[in-house]
Amino acid sequence: MKNIRQFQIQTMRWRSTATAHTPHVSAGSPEDLEVNNEFITAKHYSEVPGPMPWPIIGNTWRMLPVIGPYQISDLANVSYILYKQYGKIAKLGNLVGRPDLLFVYDADEIEKVYRQEGDTPFRPSMPCLVKYKSQVRGQFFGRLPGVVGVHGEPWREFRTKVQKPVLQPQTVKKYIQPIEEVSDYFIKRMQEMKNENSEMPADFDNEIHKWALECIGRVALDARLGCLRPDLPKNSEPQKIINAAKYALRNVALLELKYPFWRYLPSTLWKKYVSNMDYFIEICMKYIDDAMLRLKNKPQSVNESELSLVERILANESDPKTAYILALDLILVGIDTISMAVCSMLYQIATRPEEQEKIHQEILKILPNKNDKLDASKLEKMVYLKAFIKEVLRMYSTVIGNGRTLQKDMVICGYKIPKGIQLVFPTIVTGNMEEYVTDCKQFKPERWLKQSSGYIHPYASLPYGHGPRMCLGRRFADLEMQVFLAKLIRSHKLEYLHKPLDYKVTFMYAPDGELKFKMTERPTS
Ligand code: HEM
């Protein structure tokens, strides 16, 4: 709020001088002049349209149970409603304990913000995690507490250390075979899970979470955690890790928007959040410690290309804590995101037989024999499957939007927006706007193929975000989805024979209901 007040005083000053200067540009080049003119002619921040705040409680009441019209589970619709009511920029202001939220639905303006974000972009999500990492368990996390819920220089320093090993295609390729092994085993388990109608159990989404944790275990810990064992008890450690990671992510929106009072008083929800995080770290650390011990005792590989992700990080780092903290971050955000994306992919495949057949035919050509194994060049050839994945993420973006806290004043959609405001880029809306995507209402994976004639604005559908802060796990996420779907559809036909499901926001946006897919083995060739 202090920033907004400063900004208002500043803009009053600009208005009172005929040859106004903005605080961050000096009139010189034609571009500077253009920016200056933009600031002079832009409308004041207070004129940005949006729902009227109530006295004292502002707009937070809109998220409250019963009386509030905005439900967290319905945030995707709220994004649409704000767009329909107010246009390409809408302000949800006067929220308890937090800066205003400014929804931007203009892909050109989104591009402008991303292009100017500098090398320490600020993604405002999860202030509860910021407080947990920096204050509640500040001693444990230390000076470089990872990337999630970390900002400024500490974020940049940590991200620089891990960026190359995590995103290097060479490292990712090393995991094709391990992810294939985990996925093959999971598909076998799915066959065993089938009921008398050949359908998956009602809690199949939990089984997908186990597959996701098993994949992350291979990537971040070099270990098979045994999550897919048929006899895994409900109170097993892997299941507890899944529950704790889900709890941590799924309560962020509640803590941030519905019950933000933890900022002032340690509310029950906040205390639960802290004890859940403590518990999550305690169990994960056991597995991470085991992994580190195993790696320490393993004969050193001289060839860098042989090294796993963790080994690469350990080889470049004198402090093993980097590998520990990276593993915690990847496990925390890498289970529920990919699992809910896979739930969405499976639902779309099962309910779109024509597209499923195209995927099947493509995979058959690439893997003609039942026991053929995958490699990088085969995955490369799966252009239709990759396009299908992109199209699901466009129409049903698993993460419904991204955000940035403005680090300098900017003109957006013709309004002067002060530093400190939190921008929301609702991918779920912009990815479905005709202006940015030709025939946006049609599900058309072909639009992503090279020869397609349709138009897609490059900043309208960004499921993994953009720029230096873009999703750190995106290469693994793409690999895991591709490998699992390719292997499943190569060998099985998938159907969904129940009432159509609606999509809902938990933290992720995914089908809401029991995923009782029918799975029929295809004749082997
Ligand atoms: C389909 C699945 C996934 C989607 C849609 C997704 C989406 C996103 C988005 C939108 C961001 C914010 C990026 C930005 O600010 O520009 C993000 C950040 C992040 N994601 Fe993902 N993600 C997925 C899977 C994963 C997986 C599997 C992992 C871990 C293995 C992961 C790890 C991360 C991390 C660590 C960050 C924080 C990066 C930073 O702040 O530096 N994600 N993800």
Side-chain angles (χ1 to χ4, degrees), residues 110-111 113-115 117 119-126 129-130 133 144-152 154-163 165-167 171-172 175 179 208-209 211-221 245 249 252 309-310 325-346 386 389-390 392-405 422-428 430-431 459 461-485 505 507-510:
I110 294 172
E111 173 172 4
V113 177
Y114 274 130
R115 285 187 184 278
E117 67 181 0
D119 55 7
T120 53
F122 193 115
R123 187 183 53 251
S125 65
M126 305 198 206
L129 186 64
V130 176
K133 279 185 166 183
L144 298 179
V147 286
V148 187
V150 180
H151 298 295
W155 169 81
R156 202 189 58 78
E157 211 179 307
F158 192 93
R159 176 104 189 195
T160 310
K161 283 175 190 280
V162 300
Q163 164 99 358
V166 178
L167 288 172
T171 327
V172 180
Y175 289 92
I179 300 289
I208 296 177
H209 278 79
W211 162 83
L213 176 56
E214 193 70 15
C215 290
I216 303 254
R218 273 310 269 115
V219 171
L221 302 175
L249 293 194
V252 167
L309 170 63
V310 194
I325 290 182
L326 175 66
L328 278 175
D329 267 1
L330 295 181
I331 297 170
L332 181 66
V333 296
I335 304 176
D336 209 19
T337 39
I338 184 87
S339 303
M340 297 319 272
V342 167
C343 290
S344 182
M345 299 287 156
L346 291 178
K386 285 195 263 186
I389 292 174
K390 283 188 183 161
V392 176
L393 291 176
R394 175 189 73 82
M395 277 191 100
Y396 313 92
S397 191
T398 309
V399 175
I400 61 169
N402 200 16
R404 292 288 183 258
T405 297
Q422 295 188 355
L423 305 182
V424 181
F425 309 137
T427 323
I428 190 74
T430 51
Y459 286 77
S461 173
L462 295 172
Y464 292 119
H466 185 71
R469 192 132 205 186
M470 195 175 179
C471 175
L472 191 58
R474 67 188 183 275
R475 293 242 158 90
F476 286 107
D478 276 337
L479 177 71
E480 289 169 26
M481 286 189 289
Q482 238 193 81
V483 169
F484 172 57
L485 296 178
V505 177
F507 182 68
M508 264 48 74
Y509 186 57

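Only heavy atoms go into these numbers, but all of them, side chains included; no hydrogens, no water, no symmetry mates. Throughout, numbering of the chain's residues begins at 1 and tracks the sequence. One-based numbering, in listed order, for ligands and for the atoms of each.
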Q: Could you name the option among Pro463, Gly403, Pro124 that has the heavy atom nearest to atom 7 (C) of ligand 1?
A: Pro463

Q: Supply the atom-to-atom distance Thr398 OG1 to Tyr464 OH, rounded to the nearest 0.5 angstrom.
A: 8.0 Å

Q: Give a yes or no on whether the backbone of Met340 and the side-chain of Ser344 come within a donor-acceptor separation of less than 3.5 Å.
A: no

Q: For atom 2 (C) of ligand 1, state which one of Tyr464, Tyr509, Phe476 supplies the nearest heavy atom.
A: Tyr464

Q: Flag Trp155 as yes when one of its N or O atoms lies below 3.5 Å from any N or O atom of ligand 1, and as no otherwise.
A: yes

Q) Where's the contact between Glu480 and ligand 1, heavy-atom distance under 4.0 Å: side chain, backbone, both or neither? A) neither

Q | atom 37 (C) of ligand 1: the protein heavy-atom neighbour that sits closest, reported with distance to 0.1 Å | A | Arg123 NH2, 3.5 Å

Q.
Within the 4.0 Å heavy-atom shell around Gly473, which atoms of ligand 1 are there?
A. 28 (C), 29 (C), 31 (C), 32 (C), 33 (C)

Q | 4.5 Å side-chain heavy-atom contact, Val130 and Val150 | A | no

Q. So is there a nitrogen or oxygen of His466 less than 3.5 Å from a nitrogen or oxygen in ligand 1?
A. yes

**Q.** Pro165 backbone acceptor or donor facing Thr171 side chain under 3.5 Å
**A.** yes

Q | For ligand 1, the portion of Ile216 having any non-hydrogen atom under 4.0 Å away | A | side chain

Q. If you count the atoms of ligand 1 from 1 in the order shown, which ones are under 4.0 Å from a heavy atom of Val399?
A. 5 (C), 7 (C), 10 (C)

Q) Tell me, which protein residue and heavy-atom name are nearest atom 36 (C) of ligand 1, and how many Å apart are they? A) Leu472 N, 3.9 Å

Q: Would you mind checking which non-hydrogen protein atom is closest to atom 1 (C) of ligand 1, with the distance to 0.1 Å?
A: Ala341 CB, 3.5 Å

**Q.** Top protein contact for atom 24 (C) of ligand 1, by heavy-atom distance
**A.** Thr337 OG1, 3.4 Å

Q) Does at least one non-hydrogen atom of Met508 fall below 4.0 angstrom from an atom of ligand 1? A) no

Q) Just by distance, with hydrogens left out, do Asn402 and His466 show a side-chain donor and acceptor under 3.5 Å apart? A) no

Q) Can we call the ring centroids of Tyr396 and Tyr509 under 6.0 Å apart? A) no

Q | Arg159 neighbourhood, listing ligand 1 atoms whose heavy-atom distance to it stays under 4.0 Å | A | 38 (C), 39 (C), 41 (O)

Q.
Within the 4.5 Å heavy-atom criterion, are Leu346 and Ile208 side-chain neighbours or not?
A. yes

Q | N-O pairing of Glu214 and Arg218 below 4.0 Å | A | no

Q. Among protein heavy atoms, which sits nearest to atom 14 (C) of ligand 1, and what does the distance come to when rounded to 0.1 Å?
A. Asn402 ND2, 3.1 Å

Q | Where ligand 1 meets Val147 - atom numbers and elements under 4.0 angstrom, heavy-atom basis | A | 35 (C), 39 (C), 40 (O), 41 (O)

Q. If hydrogens are left out, which of Ser339, Gly334, Ser344 has an atom nearest to atom 27 (C) of ligand 1, that is, the closest non-hydrogen atom?
A. Gly334

Q. Is it true that Asp329 and Lys133 have a side-chain N and a carboxylate O under 4.0 angstrom from each other?
A. yes

Q. Quick one: which of Ile331, Ile216, Leu330, Leu309 gives a side-chain contact (heavy atoms from CB on, under 4.5 Å) with Leu221?
A. Ile331

Q. Is the closest side-chain heavy-atom distance between His151 and Arg469 below 4.5 Å?
A. yes

(Q) Considering non-hydrogen atoms of the protein only, which is the closest contact for atom 8 (C) of ligand 1, and what is the distance? (A) Cys471 CB, 3.6 Å

Q. For the residue pair Phe425 and Tyr114, is the inter-centroid distance of their aromatic rings smaller than 6.0 Å?
A. yes

Q) Identify the closest protein heavy atom to atom 34 (C) of ligand 1: which residue and atom is it, and at what distance? A) Val333 CG2, 3.7 Å

Q.
Taking a cutoff of less than 4.0 Å between a non-hydrogen atom of the residue and any ligand atom, is Asp329 in contact with ligand 1?
A. no

